[in-house]
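Report on the structure given below.
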Amino acid sequence: MNNTQIIENQRTQQETTVVRQTKRPRDYQQIGIYKDVNPLDWEDWHWQLKHRIRTKDALLQIIKLTPEEESGIDKAKGKLSMAITPYWVTLIDQEDTDCPIRRQSVPVAAEYVISPHEMTDPCAEDRDSPVAHLVHRYPDRVLLLATEHCAMYCRHCTRRRLVGDDMQEEVASALRFDAAIEYIKSNKKVRDVLISGGDPLTLEDEVLEALIQKVRAIPHVEFLRLGTRVPVTLPQRITEKLVTMLKKYSPIWMSIHFNHPKEITRRCKNACDMLTDAGIPLGSQTVLLKGINDRPYIMKKLVHELLQIRVRPYYIYQCDPVRGTQHFRTPVAVGINIMEKLRGHTSGYAIPTYVIDGPGGGGKIPVGPNYILSQAKGKYVLRNYKGKIYTYLE
């Protein structure tokens with residue numbers, strides 16, 4: 001095959017992918033099992049959680065499964081069992097087994113093939129947990145794990161050792177976080193608290209507010225964040241009541257997990273608009289996933305569409321070496337190439353930081369193209385995004 005044919009094949013593949021990306025989601029009433037659902041029920045986030053797809057038989061009523069998917073679903077029990085919201089299911093392309101929405105939510109047999117370098121807890125969060133529900137790795141900030149539950153269980157999840165049980169009753173009180181709150185109070189260097197999980201927005205408003213209130217009452221905590229994927233997988237959860245509650249504790253920032261342009265629907269945009277209009281700054285955290293967002297043009301489309309809904313691209317994560325995710329990981333060079341194709345080729349606001357979370361608890365380590373070619377005393381030789389060379393003298 002000559003170079004012209006290779007280029008033409010690549011162009012055809014890209015055009016096909018763009019068509020898939022821009023394909024409108026189905027109306028839920030076009031799907032047999034939802035055709036009689038009342039629109040008020042569909043917009044009720046409790047209804048969405050209660051009617052999540054949990055079994056192979058239920059999913060078979062919506063899409064035809066591959067043997068690899070059937071095998072994966074059969075094995076997905078207990079932690080990180082399958083759970084897909086009805087809303088998310090409407091985004092799945094029935095005809096495309098490589099649909100990015102499908103691949104992130106439907107278990108496959110490859111999850112049960114463990115590579116030699118994979119770990120149960122690659123970020124060593126359990127080691128860095130001085131008290132229950134709290135991870136303290138960096139000097140001035142802590143991670144507070146508010147729940148083990150999510151609206152949907154992403155198949156690339158780093159915390160698959162913790163999350164994924166059925167939505168059994170948790171202690172419906174913020175009392176279970178008292179040890180974590182006391183720890184933060186006793187460490188005056190802690191100025192930044194990230195509430196994550198699981199997904200904290202799966203908690204009832206009252207439970208979440210009680211936790212936020214306790215954190216906000218600590219004088220030396222300056223910065224409070226919520227880590228969530230709910231605006232993407234369950235946008236119905238973003239209600240006026242929730243937004244009004246969060247606004248009381250302003251400033252609160254929100255980090256939302258977006259991976260693909262297809263996730264940015266009109267319903268998702270409405271949820272993000274409600275949050276932004278309430279004065280809650282939004283950032284996006286993206287995991288680099290093989291066959292989903294590992295092409296520069298897909299990542300560029302994602303960051304551009306994020307800016308259009310007022311979400312600032314914040315991080316691209318190299319997929320952590322957590323057990324059962326080898327089929328999602330790309331070479332690091334793929335991420336560096338994506339950054340090369342973004343820097344200088346699009347707005348600075350659209351460029352996230354590409355990081356590797358150092359295996360074993362090393363924290364986030366920025367990785368990117370090398371723009372410093374050489375340096376001597378008072379002299380730097382640099383290249384720009386076009387490959388042109390410049391010298392900077394101090």
Side-chain angles (χ1 to χ4, degrees), residues 16-77 80-109 111 149-157 164 166-167 199 201-202 229-239 257-272 289 291-292 305 309:
T16 301
T17 304
V18 168
V19 168
R20 289 170 178 165
Q21 290 169 1
T22 56
K23 192 174 181 178
R24 291 177 62 85
R26 289 175 289 167
D27 183 272
Y28 71 89
Q29 291 178 329
Q30 295 174 337
I31 297 175
I33 62 173
Y34 300 133
K35 64 183 175 65
D36 296 323
V37 174
N38 186 301
L40 293 177
D41 288 334
W42 185 263
E43 283 299 310
D44 180 348
W45 70 277
H46 292 101
W47 184 94
Q48 287 275 337
L49 284 180
K50 182 179 179 181
H51 291 86
R52 291 179 302 167
I53 302 296
R54 305 298 309 249
T55 67
K56 181 169 67 176
D57 288 344
L59 191 54
L60 278 168
Q61 295 182 60
I62 302 169
I63 60 175
K64 182 179 179 180
L65 298 173
T66 67
E68 291 77 13
E69 289 170 332
E70 292 204 33
S71 175
I73 294 169
D74 288 339
K75 295 177 180 178
K77 310 296 182 185
L80 214 74
S81 56
M82 182 176 71
I84 310 172
T85 60
Y87 164 79
W88 185 268
V89 162
T90 66
L91 307 183
I92 292 178
D93 188 331
Q94 293 176 292
E95 301 170 3
D96 182 12
T97 57
D98 290 325
C99 168
I101 301 296
R102 180 173 180 157
R103 288 197 56 222
Q104 291 181 75
S105 56
V106 180
V108 293
E111 291 182 33
H149 304 310
C150 293
M152 184 191 81
Y153 297 124
C154 301
R155 308 321 303 173
H156 54 277
C157 182
D166 292 341
M167 294 289 287
D199 198 309
L201 294 190
T202 60
R229 187 145 161 80
V230 151
V232 178
T233 61
L234 181 61
Q236 293 85 355
R237 173 65 182 102
I238 309 303
T239 63
H257 181 171
F258 285 91
N259 285 336
H260 193 275
K262 196 172 180 180
E263 299 170 1
I264 305 175
T265 65
R266 182 177 299 177
R267 191 63 188 81
C268 173
K269 178 184 183 301
N270 290 343
C272 291
L289 298 170
I292 292 176
E305 293 194 12
I309 63 168

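The structure displayed is predicted, hence computed values, not measured ones. Side-chain atoms are counted along with the backbone in the values below, which use heavy atoms only and exclude waters and symmetry mates.
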| said: In the structure I gave you, are the side-chain heavy atoms of I84 and R52 within less than 4.5 Å of one another anywhere? | reply: no
| Of the options Y34, W47, W42, which is the one that meets Y28 in a ring pair (Phe, Tyr, Trp, His ring centres under 6.0 Å)? | W42
| message | Quick check for you: to the nearest 0.5 Å, what is the distance between W45 atom CH2 and T202 atom OG1? | response | 7.0 Å
| Under the 3.5 angstrom rule, does the side chain of D199 hit a backbone N or O of V230 as a donor-acceptor pair? | yes
| Do the non-hydrogen side-chain atoms of R103 and D98 ever get within less than 4.5 Å of each other? | yes
| said: Can you confirm whether I31 sits close enough to I92 that some side-chain heavy atom of one is under 4.5 Å from a side-chain heavy atom of the other? | reply: no
| said: Tell me if a side-chain donor or acceptor on R54 pairs with a main-chain N or O of M82 at a distance below 3.5 Å. | reply: yes
| said: I'd like to know whether R102 forms a side chain to side chain contact (heavy atoms under 4.5 Å, CB included) with T66, so could you lay out the CA-CA distance, the side-chain angles of the two residues, the decisive distance to 0.1 Å, and finally the verdict. | reply: CA-CA 12 Å; R102 180 173 180 157; T66 67; 4.3 Å; yes
| query | Does any non-hydrogen side-chain atom of R229 lie less than 4.5 Å from one of C150? | reply | no
| request: State, yes or no, whether a side-chain contact exists between H260 and I101 at a heavy-atom distance under 4.5 Å. | output: no
| Checking side chain to side chain contact (heavy atoms under 4.5 Å, CB included) for the pair E263/C268: CA distance, chi angles, key distance, verdict? | CA-CA 8 Å; E263 299 170 1; C268 173; over 6 Å; no
| With sequence neighbours excluded, residues passing side chain to side chain donor-acceptor pair (under 3.5 Å) with N259 | Q104, H156, H257
| message | Please give me the minimum heavy-atom distance between M152 and A83, naming the atom from each residue. | response | CG-O, 3.1 Å
| task | List the steps and the verdict of side chain to side chain contact (heavy atoms under 4.5 Å, CB included) for T85 and Q236. | result | CA-CA 11 Å; T85 60; Q236 293 85 355; over 6 Å; no
| 4.5 Å side-chain heavy-atom contact, L201 and L234 | no
Return a table of donor-acceptor pairs under 3.5 angstrom between the side chains of residues 56-65 and protein atoms on other chains or two or more places apart.
from : atom 1 : to  : atom 2 : distance (Å)
K56  : NZ     : D74 : OD1    : 3.1
K56  : NZ     : D74 : OD2    : 3.4

| task | Would you please name every residue forming a side chain to side chain donor-acceptor pair (under 3.5 Å) with E111, sequence neighbours left out? | result | R155, R160
| Looking at CD1 of I264 and CG of L91, how far apart are the two atoms once the value is rounded to the nearest 0.5 Å? | 12.0 Å
| query | What are the two closest non-hydrogen atoms of L49 and A151, and how far apart are they? | reply | CD2-CA, 3.9 Å
| side chain to side chain donor-acceptor pair (under 3.5 Å) with T233: which residues, sequence neighbours excluded? | none
| Taking only residues two or more places apart in sequence or in another chain, which ones pass salt bridge (charged side-chain N to carboxylate O under 4.0 Å, His left out) with D41? | none
| task | Could you tell me whether the side chain of V232 reaches within less than 4.5 Å of the side chain of W88, counting heavy atoms only? | result | yes
| field | side chain to side chain donor-acceptor pair (under 3.5 Å) partners for E43, two or more places apart | value | R267
| message | Can a donor-acceptor pair be found, under 3.5 Å and without considering hydrogens, that links the side chain of T90 to the backbone of Y87? | response | yes
